[in-house]
Amino acid sequence: MTDAPPANQPAGYVPAKVWQPKSNPAGTFGSINSPVSGARFEQALPVGSHPLQLYSQGTPNGQKITILLEELLAAGHEGAEYDAWLIDIFQGDQFGSGFVGVNPNSKIPALVDRSTDPVTHVFESGSILIHLAERFGAFLPAEGRARTETFNWLMWQVGSAPFVGGGLGHFYGYAPFKIEYAIDRYAMETKRQLHVLDTHLASHEFLAGDQYTIADMAVWPWYPGSLYGVYNTHEFLAVEEYRHLLRWYEAIAARPAVARGRVVNRTSGAPGTVLRERHDASDFDALVPTL
């Protein structure tokens, strides 16, 4: 008896001996993805009046940084005033020469700290969180077990989120057709990660214990923020099952600084949730008065 051929998608697909990019790649990001790095066009980055210049978009990774900056300002750190410039990743802004000069990986967010001489370029959201927390001495315990716990959960998020975004989010929402195997694979892993968080938060107020830290700010936009938001998979994954995670999520959502930070550099959403750029605290006045 001959074994049935694999149910490949597309039918009959067999990987080439050496992969080559297609001339007409499919999917939401197909037209801008490339196997090579570097700038594709000349475009200088704008510079505002504050020492901290953020170049980003209000994705889950971008929200991490604007939430921290708004929390720093709320805590009285006047030096955390910042300009947040929109880098529209759907339009390919991340491939401009100025942005690539700050982040050769062409991913948002990227930060230029102009308080140093020469200026400091910071990229990767985890690195930006640590840079700002250490610079202002806030939201990162100085020593001991709490500091290690903060880094544990920060690194957990950085390593885990690609399974949610590039995995489930991509195959559920962005791929040109639905692949059952891929969706099942990443739904399984995403639910496992939700259970990790729910189990931990059953006995901890915040991720690192009783202190609100950059670890919470890193995880919050992704778990379950992205599942309610950009990927719209909350019902599919039965997110409401994770009651300890939701307790933590709702407590952080109620923080005024989080309400402000989550809307910065957004390009779409309900009225009052989109602030394409932020250059002064008064920019929020045109949105919801309670922000």
Side-chain angles (χ1 to χ4, degrees), residues 52 54 56 58-82 84 108-111 113 120 122-165 193-229 242-265:
L52 297 176
L54 179 66
S56 188
T59 66
N61 278 338
Q63 289 178 37
K64 299 176 191 177
I65 312 307
T66 47
I67 286 172
L68 173 56
L69 287 166
E70 291 298 327
E71 290 282 15
L72 288 167
L73 291 170
H77 297 280
E78 296 180 1
E81 267 296 348
Y82 67 103
I108 61 96
L111 177 76
D113 186 343
T120 301
V122 197
F123 63 92
E124 292 296 327
S125 58
S127 181
I128 298 172
L129 290 173
I130 294 169
H131 175 82
L132 292 172
E134 291 189 331
R135 176 181 162 182
F136 293 100
F139 302 111
L140 176 60
E143 58 187 15
R145 181 176 178 178
R147 182 178 180 86
T148 299
E149 281 290 285
T150 301
F151 282 131
N152 286 345
W153 286 103
L154 175 60
M155 301 309 164
W156 178 88
Q157 186 280 317
V158 170
S160 297
F163 291 97
V164 179
Q193 293 176 10
L194 292 170
H195 190 260
V196 168
L197 290 167
D198 193 62
T199 302
H200 180 71
L201 290 166
S203 57
H204 298 80
E205 182 178 3
F206 298 108
L207 290 172
D210 60 359
Q211 297 184 63
Y212 173 58
T213 70
I214 56 173
D216 299 288
M217 299 177 205
V219 172
W220 185 87
W222 280 99
Y223 303 93
S226 67
L227 308 179
Y228 283 108
Y242 305 100
R243 59 187 183 89
H244 304 296
L245 173 62
L246 290 180
R247 182 272 307 164
W248 167 87
Y249 179 74
E250 291 164 2
I252 292 177
R255 297 177 67 91
V258 173
R260 292 191 295 273
R262 71 187 303 184
V263 306
V264 176
N265 291 144

Is there side-chain contact between [X] and [Y], with at least one heavy-atom pair below 4.5 Å?
{"X": "F139", "Y": "L132", "value": "no"}
{"X": "T120", "Y": "H131", "value": "yes"}
{"X": "Y82", "Y": "D113", "value": "no"}
{"X": "L245", "Y": "L194", "value": "yes"}
{"X": "E81", "Y": "L52", "value": "no"}
{"X": "L197", "Y": "Y242", "value": "no"}
{"X": "Q63", "Y": "T59", "value": "no"}
{"X": "L111", "Y": "F123", "value": "no"}

Ignoring hydrogens and geometry beyond distance, is a side-chain donor-acceptor pair present between D216 and W248 at under 3.5 Å? yes

Between R262 and E70, does any NZ, NE, NH1 or NH2 come within less than 4.0 Å of an OD or OE carboxylate oxygen? no

Enter the distance from [X]:[atom1] to [Y]:[atom2] here, rounded to the nearest 0.5 Å.
{"X": "L246", "Y": "H244", "atom1": "CG", "atom2": "NE2", "value": "10.5 Å"}
{"X": "S56", "Y": "N265", "atom1": "OG", "atom2": "CG", "value": "5.0 Å"}
{"X": "H77", "Y": "L72", "atom1": "NE2", "atom2": "CG", "value": "5.5 Å"}
{"X": "L140", "Y": "R135", "atom1": "CG", "atom2": "CZ", "value": "15.5 Å"}

Identify the heavy atoms of [X] and [Y] that sit nearest to each other, and give their distance.
{"X": "Y223", "Y": "Q157", "result": "CE1-CG, 4.5 Å"}
{"X": "M155", "Y": "I130", "result": "CE-CD1, 4.1 Å"}
{"X": "A215", "Y": "L154", "result": "CB-N, 4.1 Å"}
{"X": "V164", "Y": "Q193", "result": "CG2-OE1, 3.6 Å"}
{"X": "N61", "Y": "S125", "result": "OD1-OG, 3.9 Å"}
{"X": "P109", "Y": "L54", "result": "CB-CD1, 4.1 Å"}

Please evaluate residues H200 and W153 with respect to the criterion side chain to side chain contact (heavy atoms under 4.5 Å, CB included), reporting the C-alpha separation (whole Å), side-chain torsions for both, the decisive distance (0.1 Å), and the verdict. CA-CA 11 Å; H200 180 71; W153 286 103; 3.4 Å; yes

I want to check a possible cation-pi pair here: R255 against Y212, using under 6.0 Å from ring centre and within 45° of the ring axis as the test.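 R255 over Y212 ring: yes.
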
Has the side chain of T66 got a donor or acceptor atom that lies under 3.5 Å from a matching backbone atom of G261? yes

Determine whether L207 and W156 satisfy the following criterion, side chain to side chain contact (heavy atoms under 4.5 Å, CB included), listing intermediate values before the conclusion. CA-CA 11 Å; L207 290 172; W156 178 88; over 6 Å; no

Report the relative orientation of the aromatic rings in Y249 and Y228; use parallel for angles under 30°, tilted for 30 to 60°, perpendicular for over 60°.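 Because their plane-to-plane angle is under 30°, the rings of Y249 and Y228 count as parallel.
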
Counting only heavy atoms from other residues, nucleotides and ligands, does the tally under 6.0 Å from CZ of R247 exceed 12? yes

Test log, rule side chain to side chain contact (heavy atoms under 4.5 Å, CB included), inputs I67 and E71: CA-CA 6 Å; I67 286 172; E71 290 282 15; 4.2 Å; yes

Ring centers of W222, F163 separated by less than 6.0 Å: no

